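In listed order, ligands and their atoms are each counted from 1. Quick caveat: nothing in here was measured; it's all calculated off a predicted structure. The first residue of the sequence shown is numbered 1, and numbering continues consecutively from there.
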Amino acid sequence: MAKFVVTPANEAQRDAWLDRTVPAVERVRPGLWSIPVPIPINPLRYVLVYALELPDGVAIIDAGWNTDEAYDGLVAGLRVAGYEITDVKGVLVTHIHPDHYGLAGRIREVSGAWIALHPKDAALVHERYDDSAIDRLVEKERGLLVRAGVPALTLDELAGASMMIRHMVSMAKPDRLVEDGDRLDLPGWDLRAVWTPGHSPGHLCFVSESRRLLFSGDHVLAKITPIVAVHPQSGPNPLADYLDSLAAVRKFDVEEVLPAHEYRFLELAERVDYVMAHHDERLAEVEQAAQGLSCWDIATRLTWSRPWETIPPFMRRSANGETLAHLVWLEAKGRVRREAGEPDLWFATEG
Ligand SMILES: [Zn+2]
Ligand SMILES: [Zn+2]
């Protein structure tokens with residue numbers, strides 16, 4: 001597949017990503033700031049929080065992890081823009097993942113800001129982050145992993161793989177639910193929510209048609225593609241959702257894409273086409289490998305960015321979930337069939 005490389009909106013920001021440093025706080029447009037907020041133990045290194053100036057403060061898109069380092073980074077970044085954390089009036093959260101949502105509750109505590117989330121992700125808050133519900137979630141995860149054919153020895157390690165990061169999220173219920181097409185009530189901004197499920201069931205992008213900007217969260221990024229996986233909190237066919245959601249944003253005539261990681265870039269439609277082609281290729285690879293094997297065995301045979309043996313448990317679980325997302329998509333199209341069992345076995349229907 002021919003590589004398509006996006007044009008960075010700001011080369012210094014792109015270079016910071018490539019040099020593994022943190023980019024500067026930046027005034028992107030009049031009234032709009034980009035603030036990198038550090039995230040721990042994660043190759044993504046920072047989340048880009050966008051601060052939108054309002055007559056009486058700022059609204060921010062995404063928040064960062066619930067760590068002191070992230071909080072201090074956000075406070076310092078807002079100061080560069082001329083604001084205090086207490087000036088934050090609203091937190092628009094693109095999705096429930098800890099690097100976006102984790103700090104929202106703490107910000108609300110100090111500033112009184114409202115927190116907005118899509119109802120589909122709001123519905124997951126309790127199960128994901130409340131201690132009373134977590135055993136059930138781990139049990140569901142275990143059931144999925146057994147049917148995927150994860151070897152018994154690896155099972156415990158994988159089923160609890162995300163427990164270590166749970167404390168970095170404060171379990172904040174949202175104050176506002178934002179649905180597809182909703183206009184956000186932010187004076188001076190014509191911001192509209194676009195529901196883009198796939199990476200998360202309630203993922204939201206925000207588009208400003210007058211400023212021709214798309215805040216893309218984790219949905220469309222400059223270099224990496226977001227994880228789209230089957231897991232206890234995913235939709236039944238998350239890859240179908242994701243590909244539909246790519247089509248839903250492709251049509252926007254924007255001049256710049258403002259993602260939550262890496263760096264801003266210019267070509268939305270071309271990047272979307274490239275990501276779609278990447279999944280087509282991946283689907284063909286998964287289909288070819290489906291020769292009466294479990295999902296896990298198929299996953300071990302695919303090409304990953306590094307050898308399977310060197311992938312840590314948390315990422316192997318994602319790899320398994322991503323493989324399953326591709327299998328489920330192919331099953332819905334009739335290109336593979338599943339022989340149900342423990343594990344399920346997968347067969348390509350042609351060739
Ligand atoms: Zn995410
Ligand atoms: Zn993210």
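Both the sub-6.0 Å distance and the 45° axial angle are not jointly satisfied by Arg301 relative to the ring of Trp296.
Relative orientation of the His199 and His97 rings is perpendicular, given thresholds of 30° and 60° on the angle between their planes. Using cut-offs of 30° and 60° on the angle between ring planes, the pair Trp308 and Trp304 is tilted.
With the Zn ion (ligand 1) as the vertex, atom NE2 of His199 and atom NE2 of His95 span an angle of 100° (nearest 10 degrees). Vertex the Zn ion (ligand 2), arms ending at NE2 of His261 and OD2 of Asp218: the angle is 120° after rounding to 10 degrees.
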Cut-off 3.5 Å, no hydrogens considered: what does the side-chain donor-acceptor table look like for residues 25-37, sequence neighbours left out?
{"from": "Glu26", "atom 1": "OE1", "to": "Asn10", "atom 2": "ND2", "distance (Å)": "3.3"}
{"from": "Glu26", "atom 1": "OE1", "to": "Arg264", "atom 2": "NH1", "distance (Å)": "3.2"}
{"from": "Glu26", "atom 1": "OE2", "to": "Asn10", "atom 2": "ND2", "distance (Å)": "2.9"}
{"from": "Glu26", "atom 1": "OE2", "to": "Arg264", "atom 2": "NH1", "distance (Å)": "3.4"}
{"from": "Glu26", "atom 1": "OE2", "to": "Arg264", "atom 2": "NH2", "distance (Å)": "2.7"}
{"from": "Arg29", "atom 1": "NH1", "to": "Glu256", "atom 2": "OE1", "distance (Å)": "3.1"}
{"from": "Arg29", "atom 1": "NH2", "to": "Glu255", "atom 2": "OE2", "distance (Å)": "3.0"}
{"from": "Arg29", "atom 1": "NH2", "to": "Glu256", "atom 2": "OE1", "distance (Å)": "2.9"}
{"from": "Trp33", "atom 1": "NE1", "to": "Glu53", "atom 2": "OE2", "distance (Å)": "2.7"}

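The Zn ion (ligand 2) sits nearest to atom OD2 when only the N, O or S atoms of Asp99 are considered. Nearest N/O/S atom of His100 relative to the Zn ion (ligand 2): this is NE2.
The stretch residues 202-211 participates, sequence neighbours left out, in these salt bridge (charged side-chain N to carboxylate O under 4.0 Å, His left out) pairs: Arg192-Glu209.
Not a single N, O or S atom of His97, from either the backbone or the side chain, sits less than 2.8 Å from the Zn ion (ligand 2).
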